[in-house]
Asker: 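Below is the structure I would like to discuss, written out as structure tokens.
Throughout, protein chains are lettered first and strands after them, A, B, ... in sequence-line order, and every chain is numbered starting at 1.
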Protein chains: 2
Amino acid sequence: MNIGEIAKRAGVSRSTVSYALSGKRSVSEETRRKIQQVIDELGYRPNASARALANGRTSTIGLVFPPAGNHYTGMQLDFIGSVVEAAAVHDYDVLLSPSGADSDRSFQRLLGERRVDGAILMEIRLEDDRVEHLAELDFPSVAIGRTAHPENGWWVSLDHTALAAACVHHLADLGHRRVAFVNRPEQLLQAGYESAHRGLDGFTKAAAERGLTVRTYCCGDDAASGQACLERILHDDPATTALVTLNEAALGGLYRGLARAGRHVPRDFSVTGVVASRWAETVTPQLTAADVPAEEMGRRAVDLLVERIEQPAAPGRHHLLTPPISLRASTGPATGTSRPGT
Amino acid sequence: MNIGEIAKRAGVSRSTVSYALSGKRSVSEETRRKIQQVIDELGYRPNASARALANGRTSTIGLVFPPAGNHYTGMQLDFIGSVVEAAAVHDYDVLLSPSGADSDRSFQRLLGERRVDGAILMEIRLEDDRVEHLAELDFPSVAIGRTAHPENGWWVSLDHTALAAACVHHLADLGHRRVAFVNRPEQLLQAGYESAHRGLDGFTKAAAERGLTVRTYCCGDDAASGQACLERILHDDPATTALVTLNEAALGGLYRGLARAGRHVPRDFSVTGVVASRWAETVTPQLTAADVPAEEMGRRAVDLLVERIEQPAAPGRHHLLTPPISLRASTGPATGTSRPGT
DNA sequence: CTCCTTGCTCGAACCGGTTCGACACCTCGC
DNA sequence: GCGAGGTGTCGAACCGGTTCGAGCAAGGAG
């Protein structure tokens, strides 16, 4: 069942079998046929470990994401799926590694033990030791998200600043004056997660520009936290008429909170944010939102990574995406006391 | 950066370094210290491919699930997450393989090329060529789900028959007489997916036992299909007062359809089914459902697989789980014309 | 007819680990 | 004082591929 066995049965040397399979040297048509016949008979496939050892490539890429304590969001799911499918197109397998930090054992295994040819990192922080470490080592990697200094890096990222700002402008255009912002959980913000920071930034600046009165909140990644968060919002300022959220997992809870408070969406209260379309379409009314193109991002990340693996000296490349807001049914003109005066 | 380099710098042979690391033969304290010091200095980690080649184990398990066209359900996500975490506990990495059939290229890679020591299969069909093939090869694998002939196999499965029946009994106890069943998509049923078949079976038998009038439907794995399905249900029999669903992804659409039709849940219409708790809690009102213990199932599957890898001769083991129905807010007593006469 | 190229094949070395058998040295018991 | 037994180390072989250099035969050019 190894290459020597094939060689023996085909009456040739091991190297000839190897060349017949790889095509790196010419092999006579007759020999090739004979070898192929033996291979088909025995169902032989070359051992991946041996091949990896010999030519220094594993044909595997690592997908690194934080161990979220079984709290993966729908967006992460979409990324995983699209990365796996895109990698299959390039004949790469995908190894999952639940590592939040440079020092995690699983991360060390991937790199130190050379289990993968390259890595895709998710859930990037503004200052991210994983990204820095990989850059120093010149290890092929692509980030989904970008650090505070993304200039020469390899990454695919949403422009959360612009997206949050677009949500604000959308609401301001509809006449909303008092708007809340629902961010990812407190600990993620404190850890420096880039989407949480840039989203907050974009929201705050755009709101200031439009002269809105705002409050910002952090919210756990689940429905119960969403509901609690919404109660806090209405308690802190009952005149609030709209919110922007980056927190997909809290969405169901936010909606429930609004229903409990007797606020009809979108008549009494508008909701928008940054959410993958298949989740935006799950809630009722369907969410007007900047649709996260997870499938495209995963595919682009893989394409960049493969490119980088195959020519390691190339300069950094990246894609900054700003998907438009899809108008669905969760936002409407402001009514009542908060109608714009000017 | 390889073991020879370490040996040279420590002034010993390669085998001594290997024994110092593995502990399989005794090494003097002094030698061990010297070796460790060199290793620490250089940040050496043994190459995974070389090690896998030498001792025939990759310390990787494969997680095989169908390429759902980027339509992964929340339940699949939960499985993936829990499998990855459980595997990390046993020092295994997880390789994802999007393969629905025995013949898929990615599946062949995993097995033929010996990339993994064992595999966990998801989305099992009643007659599943992957399961049969692996059993014939005596390749260590554990299924999440079970085929039509599960007797000697290794698997972790929900008892969908019992769960669907429990949902029926719950509704019948509340007085519902006309109940619909919302299954996974048509093509999955036709392909023989076990959960769809056994769930349908359990539903149908229990309904007959309780003398209920039922209709059964297949429904796409997304909100729009769920909404369309609900419209069909009410069109086919407007007197329907409850439904049971196995289709988590359609849930949001089913709720939306009910809202559109002016049926209040749970006052006018009861909804229940088999859904992971975190998704059941996302919708409003929260779904009364048999909670899929995805985390536990993933962990048990990994535990079984590791056990099987480590002692290959052991007889088949399995876990059949029947989680209870969690009472939340989506079911209530039947009202109006469909109140039970007897 | 010879020389050179080209096509095809082989043996050997290598990738970076693990493991087996052998051996040198030391200690202990008699 | 000598053999038995244990400890620590080494060299060599092996896992299953890839790749390099060389050799041989056939064919074409001079």
Asker: Taking atom P of C:dC15 as reference, at what distance in whole Å does atom CG of B:N2 sit?
Answerer: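 B:N2 atom CG is separated from C:dC15 atom P by 8 Å.
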Asker: Take B:D128 and B:E132 through the side chain to side chain contact (heavy atoms under 4.5 Å, CB included) test and state the conclusion after the steps.
Answerer: CA-CA 6 Å; B:D128 200 303; B:E132 284 162 24; 5.8 Å; no
Asker: Once you round it to whole Å, what is the distance between P of C:dT19 and CD1 of B:I3?
Answerer: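 So the CD1-P distance, B:I3 to C:dT19, works out to 11 Å.
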Asker: Between A:K34 and A:E30, does any NZ, NE, NH1 or NH2 come within less than 4.0 Å of an OD or OE carboxylate oxygen?
Answerer: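 No, this pair does not count.
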Asker: Taking only N and O in the side chain of A:R51, is any of them less than 4.0 Å away from OP1 or OP2 of D:dT18?
Answerer: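 Answer is yes, contact under 4.0 Å.
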Asker: Compare side-chain N and O positions of A:T16 against OP1 and OP2 of C:dT9 and report whether any pair is under 4.0 Å apart.
Answerer: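 Looking at the OP1 and OP2 atoms of C:dT9, neither is under 4.0 Å from any side-chain N or O of A:T16.
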Asker: Closer to the 5' end of DNA chain C via nearest nucleotide, is it B:V17 or A:A54?
Answerer: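 Closest to the 5' end, via its nearest nucleotide, is A:A54.
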Asker: Please list, in numerical order, the residues of residues 19-42 of chain A that have a heavy atom closer than 4.0 Å to any atom of DNA chain D.
Answerer: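 The answer is A:Y19, A:K24, A:R25.
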Asker: Measure from CD on B:E5 to P on C:dC15 and round the result to the nearest Å.
Answerer: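 Distance, rounded to whole Å: 12 Å.
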Asker: Would you please confirm or rule out a distance under 4.0 Å between OP1 or OP2 of D:dG16 and any side-chain N or O of A:N47?
Answerer: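 The answer is no; no side-chain N or O of A:N47 sits under 4.0 Å from OP1 or OP2.
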Asker: Check the distance between C:dT9's C1' and A:R14's CZ and give it to me in whole angstrom.
Answerer: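 Result: 15 Å.
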Asker: Between A:R130 and A:D104, does at least one N-O distance fall below 4.0 Å, as a salt bridge requires?
Answerer: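 Answer for the salt bridge query: no.
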Asker: Starting from the first five and the last five pairs of the helix from C:dC1-D:dG30 to C:dC30-D:dG1, work out the angle between the resulting helix axes, to 10 degrees.
Answerer: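 Comparing the axis at each end, I get an angle of 50°.
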Asker: Is it the case that C:dG17 (base atoms only) and B:S49 (side chain only) share a donor and an acceptor within less than 3.5 Å, ignoring hydrogens and angles?
Answerer: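 Answer is no: no donor-acceptor pair is held.
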Asker: Check the phosphate of D:dT18 against A:S18, side-chain N and O only, distance under 4.0 Å to OP1 or OP2. Yes or no?
Answerer: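 Yes, such a contact exists.
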Asker: Minimum heavy-atom separation for A:G298 to A:V83, with atom names?
Answerer: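 Closest pair (atom of A:G298, atom of A:V83, distance): CA-CG2, 3.9 Å.
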Asker: For A:L53 and D:dG16, give me the distance from atom CG to atom P, rounded to whole Å.
Answerer: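 In whole Å, D:dG16 P lies 12 Å from A:L53 CG.
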Asker: Within this structure, what is the CZ-to-P distance between A:R45 and D:dG17, rounded to whole angstrom?
Answerer: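 Interatomic distance, CZ of A:R45 to P of D:dG17: 12 Å.
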Asker: Could you check whether any side-chain N or O of B:R14 sits under 3.5 Å from a backbone N or O of B:A7, counting only pairs where one atom can act as donor and the other as acceptor?
Answerer: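 Checked: no pair found.
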Asker: When the distance from CZ of B:R57 to P of C:dG17 is rounded to whole Å, what number comes out?
Answerer: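 The distance from CZ of B:R57 to P of C:dG17 comes to 18 Å, rounded to the nearest Å.
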Asker: With a 4.5 Å cut-off on side-chain heavy atoms, are A:W154 and A:R317 touching?
Answerer: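 A side-chain contact under 4.5 Å exists here.
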Asker: Side chain to side chain contact (heavy atoms under 4.5 Å, CB included), that's the test. Do A:I309 and A:Y92 meet it? Break it down for me.
Answerer: CA-CA 11 Å; A:I309 289 172; A:Y92 277 92; 3.7 Å; yes
Asker: Indicate yes or no: does A:R9 engage A:E41 in a salt bridge with an N to O separation below 4.0 Å.
Answerer: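 Salt bridge between A:R9 and A:E41, a charged N being under 4.0 Å from a carboxylate O: no.
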Asker: Using modelled atom types only, decide if a donor and an acceptor are shared between the side chain of B:T58 and the backbone of B:R115 within a distance under 3.5 Å.
Answerer: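 At least one qualifying donor-acceptor pair exists.
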